[in-house]
Engineer: 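Sharing a structure with you now.
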Amino acid sequence: MPEKRESAIIAALFSAKTTVLQVKTMKPSSATAISHPNIALIKYWGNRNNVLRLPSNGSISMNLDGLFTRTTVTFNKTPEDTLLINDHPISGKGLERVSSILNLVREMANIHDRAEVSSANNFPSGAGIASSAAAFAALAVAASRAAGLTLSEAQLSRLARRGSGSAARSIPGGFVEWQMGTGDENSIAFSIAAPEHWNLTDCVAVISAAHKKTGSTEGHAIAGTSPLQNARLADTPRRLDICRQAILGKDFETLAHIIELDSDIMHSVMMTSNPPLMYWQAATVQIFHQVREWRAGGLPVGYTVDAGANVHVICLAEYAKEVEKRLRELPGVRDVLVAGVGGAAQTV
Ligand code: PMV
């Protein structure tokens, strides 16, 4: 999206804020929220409880500015919950997953109305750009506000987690850590540094905008079938410490090495699970080689990949233009999305 148009949309979203805040005290039945997707720097893969989405390990991410999901929830007397994503009506599993979050909200607010949910992304969904993270974070904020609840950041993070684990991390702003916790109450995410702390940029090399064959919910469920998952989990506290310290100390070289190691370890688990999951394509691997070559040549870059083929190339903001240009020249790269560090989910 051209920069001007994007800032106009964001300005329009934020100018609506005053109105909604005034309605808040009147217990609104409708609310709109926006939330950014996030890119995991230390990955979450595998649950110790699939229903509560309690993760097998802690994780760290950064929110992606400029990419967002905007969701409106309206509670009314319609007979069923309804869901529109990018103007398309959704039924079946997608709607059920949304209804399960609405049920939690209805229970907390002690209301019985059904809801109309309308959601739109400004980025391709289902291709490793964590659309479900932004979607469930925006849903948690909009639905709880529409139901007249005022939840804390921790409560919102916990609620969003029930829709998609990584959504817990799209609630707070900037650089975020999701602690695995001891149970449902304290498996929550919190900010470890504000967006302004470090000017990083994620240049997302889009290789495929298609929906992946195996979604992360199914992937988490089979993580334990890989003989490598236990070794991955045992080493995760060490990688979390290194990553956290690299972010706090703005040490790019250390960050680049640890995010590549962590991403490669997660994909090793994916590839060796039963059934095996192979998200990489030839162009994905080609970019790994390029990124390491560029770094050896003095360009501060590092790669990480979620459950898809797209490669997130993290760099210092002042090198983003150069990184974007180089990525666009590579075969198999259809587009490059460029995102700085984003803020917290919020009502608009
Ligand atoms: O939140 P989920 O269930 O979509 O899982 C996300 C899994 C990864 O994106 C691969 C890693 C992560 O930590 O975001």
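Just so you know, ligand 1 is whichever comes first in the structure, and atom 1 is the first atom listed for that ligand. Quick caveat, the model's predicted, so the values are computed rather than measured.
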Engineer: Compare Lys43, Met266, Arg53, Arg169 and give the one whose heavy atom is closest to atom 14 (O) of ligand 1.
Structural biologist: Arg169
Engineer: Any salt bridge between Asp241 and Arg238, counting N to O under 4.0 Å?
Structural biologist: no
Engineer: Give a yes or no on this: more than 12 heavy atoms of other residues, nucleotides or ligands lie within 6.0 Å of atom OH of Tyr319.
Structural biologist: no
Engineer: Counting only heavy atoms not in Glu107, do more than 12 fall under 6.0 Å of its CD?
Structural biologist: no
Engineer: Got a donor-acceptor contact below 3.5 angstrom from the Asn49 side chain to the Val51 backbone?
Structural biologist: yes
Engineer: Which atoms of ligand 1 sit under 4.0 Å from any heavy atom of Gly165?
Structural biologist: 1 (O)
Engineer: List the atom of Glu177, the atom of Ile192, and the distance in Å for their closest heavy-atom pair.
Structural biologist: CB-CG2, 3.8 Å
Engineer: Under 3.5 Å between some N or O of ligand 1 and some N or O of Tyr44?
Structural biologist: yes
Engineer: Does CD in Glu218 sit with more than 12 non-hydrogen atoms of other residues, nucleotides or ligands closer than 6.0 Å?
Structural biologist: yes
Engineer: Which bit of Ser132 is near ligand 1, meaning a heavy atom under 4.0 Å away: side chain, backbone, both or neither?
Structural biologist: side chain
Engineer: Does any N/O atom on Ser164 come nearer than 3.5 Å to any N/O atom on ligand 1?
Structural biologist: yes
Engineer: Give the atom numbers and elements of ligand 1 that come within less than 4.0 Å of a heavy atom of Ala40.
Structural biologist: 12 (C), 13 (O), 14 (O)
Engineer: Per the side chain to side chain donor-acceptor pair (under 3.5 Å) rule, which among Gln290, His289, Arg292, His312 passes with Tyr303?
Structural biologist: Arg292
Engineer: So is Trp45 polar-close to ligand 1, meaning N/O to N/O under 3.5 Å?
Structural biologist: no
Engineer: Check ligand 1 against Ser166 and write out every atom of the ligand that is under 4.0 Å from a heavy-atom position of the residue.
Structural biologist: 1 (O), 2 (P), 4 (O), 6 (C), 14 (O)
Engineer: Measuring from atom CE of Met266 to atom CG of Asp306, what distance do you get when rounded to the nearest 0.5 angstrom?
Structural biologist: 5.5 Å
Engineer: Under 4.0 Å from a heavy atom of Ala307: give me the atoms of ligand 1 that qualify, with their elements.
Structural biologist: 10 (C)
Engineer: Near Ser216, which atoms of ligand 1 are under 4.0 Å from a heavy atom of that residue?
Structural biologist: 2 (P), 3 (O), 4 (O), 5 (O)
Engineer: Ligand 1 and Thr217, any nitrogen or oxygen pair closer than 3.5 angstrom?
Structural biologist: no
